[in-house]
Amino acid sequence: METLGAIVLGIVQGLSEFLPISSSAHIVFTSNIYAILTGTPIDVESSQQAFLSIMLHLGTLVAIFVYFRKELWAIIKSFFKAIYKKDFSDKNAMLGVYIIIGNIFTIAIAYPLKDITEKLLVSPQIVAVLLILTGIVLFFSEFKSKHMKEHTEKLDYKKAILIGLAQGLAVFPGFSRSGWTIATGLFSGMDRVTSTRFSFLLVIPVILGTSVFYPILEINPSELVGYNWIAIILGTITSAVVGYFCIKYFLKFVARFSMNFFAYYCIILGSLVVAFFTGIYYGANIS
């Protein structure tokens, strides 16, 4: 693993984790294109590359903690206070409940698909097709939202479950986690800002769980010694810094503009990637 490659992936992760454009798809595309341009392959299946991916996600988690620190503290205090008093009438306490419920359904749908989806990481064309589907979902969610008479800032159990299931489907590389969760919020009648904020908060347990359990279950401790830690640390820091500013300005964007820009981006980029890698495949076979 090269340091430059890790920094590039950190930038990509910081941007694409929160924008509805699929971080996993961009990591796959960037890894493959970087390998073609530099002649240095990035082995997405290696334990070091998998660990880097976890650390890049951890960087974006730090960005969430820093940006939403006041809101998160209010949720935590209210949630445990509600448990003690057995009274969940407080809005922040219920938000904590909805985050937990959403993640239960995320795990229920994502875990059984884990082995299947990991195999797609080496198939940029398939990932690109899934990215196109993300664009289509974003487009129709925005269309439906615009034609609703009223929008709500309120969450309920049904919405939390549906958004949690959408987050679970995003285990497929190319299905944007933020894109599918925000779109589901829009389909259920929520406004863009509320859907986006809940999407960002909902991912916290997923990243925390992955960051803790994946290294324990999947990585041999003896392998850690041989990792390029300079590259991993710089990539993680880059992901955190870029992610923080992405959250800040994306929330301002969705408050004023529709999601159609990202829908078209996903459809166009996905189509270009399919054409690019298909051309390389046939070119290699002809030669």
Side-chain angles (χ1 to χ4, degrees), residues 13-14 17-18 23 54-112 114 151-171 177-178 180-182 184-186 188-217 236-237 239-241 243-248 250-252 254-255:
Q13 173 65 28
E17 176 64 37
F18 303 112
S23 61
I54 296 298
M55 292 302 294
L56 295 182
H57 280 82
L58 198 59
T60 53
L61 181 62
V62 170
I64 296 175
F65 281 151
V66 173
Y67 188 86
F68 291 106
R69 58 191 181 278
K70 293 181 180 179
E71 186 171 346
L72 284 170
W73 180 238
I75 292 171
I76 293 170
K77 286 195 301 181
S78 297
F79 179 76
F80 284 103
K81 183 178 179 180
I83 292 177
Y84 178 75
K85 292 188 173 182
K86 298 180 180 180
D87 179 10
F88 284 85
S89 59
D90 183 81
K91 179 181 178 181
N92 284 322
M94 283 307 302
L95 184 53
V97 172
Y98 295 142
I99 290 172
I100 293 172
I101 290 174
N103 276 280
I104 289 173
F105 282 87
T106 292
I107 295 170
I109 193 170
Y111 187 76
K114 177 178 175 290
H151 297 90
T152 180
E153 296 181 356
K154 292 183 179 180
L155 272 165
D156 55 35
Y157 289 105
K158 180 180 178 181
K159 292 172 185 175
I161 291 171
L162 290 174
I163 296 173
L165 291 173
Q167 180 168 259
L169 284 175
V171 70
R177 189 206 63 80
S178 61
W180 280 71
T181 52
I182 294 171
T184 303
L186 294 180
S188 63
M190 294 166 61
D191 63 78
R192 282 196 300 271
V193 173
T194 302
S195 298
T196 302
R197 293 180 74 89
F198 184 65
S199 170
F200 291 169
L201 295 172
L202 187 66
V203 76
I204 292 175
V206 172
I207 298 179
L208 273 176
T210 305
S211 302
V212 172
F213 291 110
Y214 182 89
I216 294 175
L217 298 176
T236 303
I237 293 173
S239 175
V241 173
Y244 175 84
F245 286 103
C246 185
I247 294 173
K248 179 179 180 179
F250 182 54
L251 285 171
K252 292 181 179 180
V254 297

Quiz item: Is there side-chain contact between Phe65 and Ile204, with at least one heavy-atom pair below 4.5 Å?
Solution: yes

Quiz item: Are the side chains of Thr194 and Thr152 in touch, meaning some heavy atoms are under 4.5 Å apart?
Solution: no

Self-check item: Separation between OG of Ser199 and CZ of Phe18, rounded to the nearest 0.5 Å
Solution: 9.0 Å

Quiz item: Counting only N and O atoms by type, is there a donor-acceptor contact under 3.5 Å from the side chain of Lys159 to the main-chain atoms of Lys154?
Solution: yes

Quiz item: How many angstroms lie between NZ in Lys85 and CG in Asp90, if you round to the nearest 0.5 Å?
Solution: 10.0 Å

Quiz item: Rounded to the nearest 0.5 Å, how far does NZ of Lys91 lie from CD1 of Ile75?
Solution: 10.0 Å

Quiz item: For Phe68, does the CZ atom have more than 12 heavy-atom neighbours from other residues, nucleotides or ligands under 6.0 Å away?
Solution: yes

Exercise. To the nearest 0.5 Å, tell me how far Arg192 CZ sits from Phe250 CZ.
Key: 9.5 Å

Self-check item: Where Gly168 and Ala110 come nearest, the two heavy atoms and their spacing
Solution: O-CB, 3.7 Å

Exercise. Kindly compute the distance separating CZ (Phe79) from CD1 (Ile83), expressed to the nearest 0.5 Å.
Key: 3.5 Å

Quiz item: Just how far is it from atom CZ of Phe200 to atom CZ of Arg177, taken to the nearest 0.5 Å?
Solution: 7.5 Å

Exercise. Please confirm whether the backbone N or O of Leu202 pairs with a side-chain atom of Asn103, one donor and one acceptor, at under 3.5 Å?
Key: yes

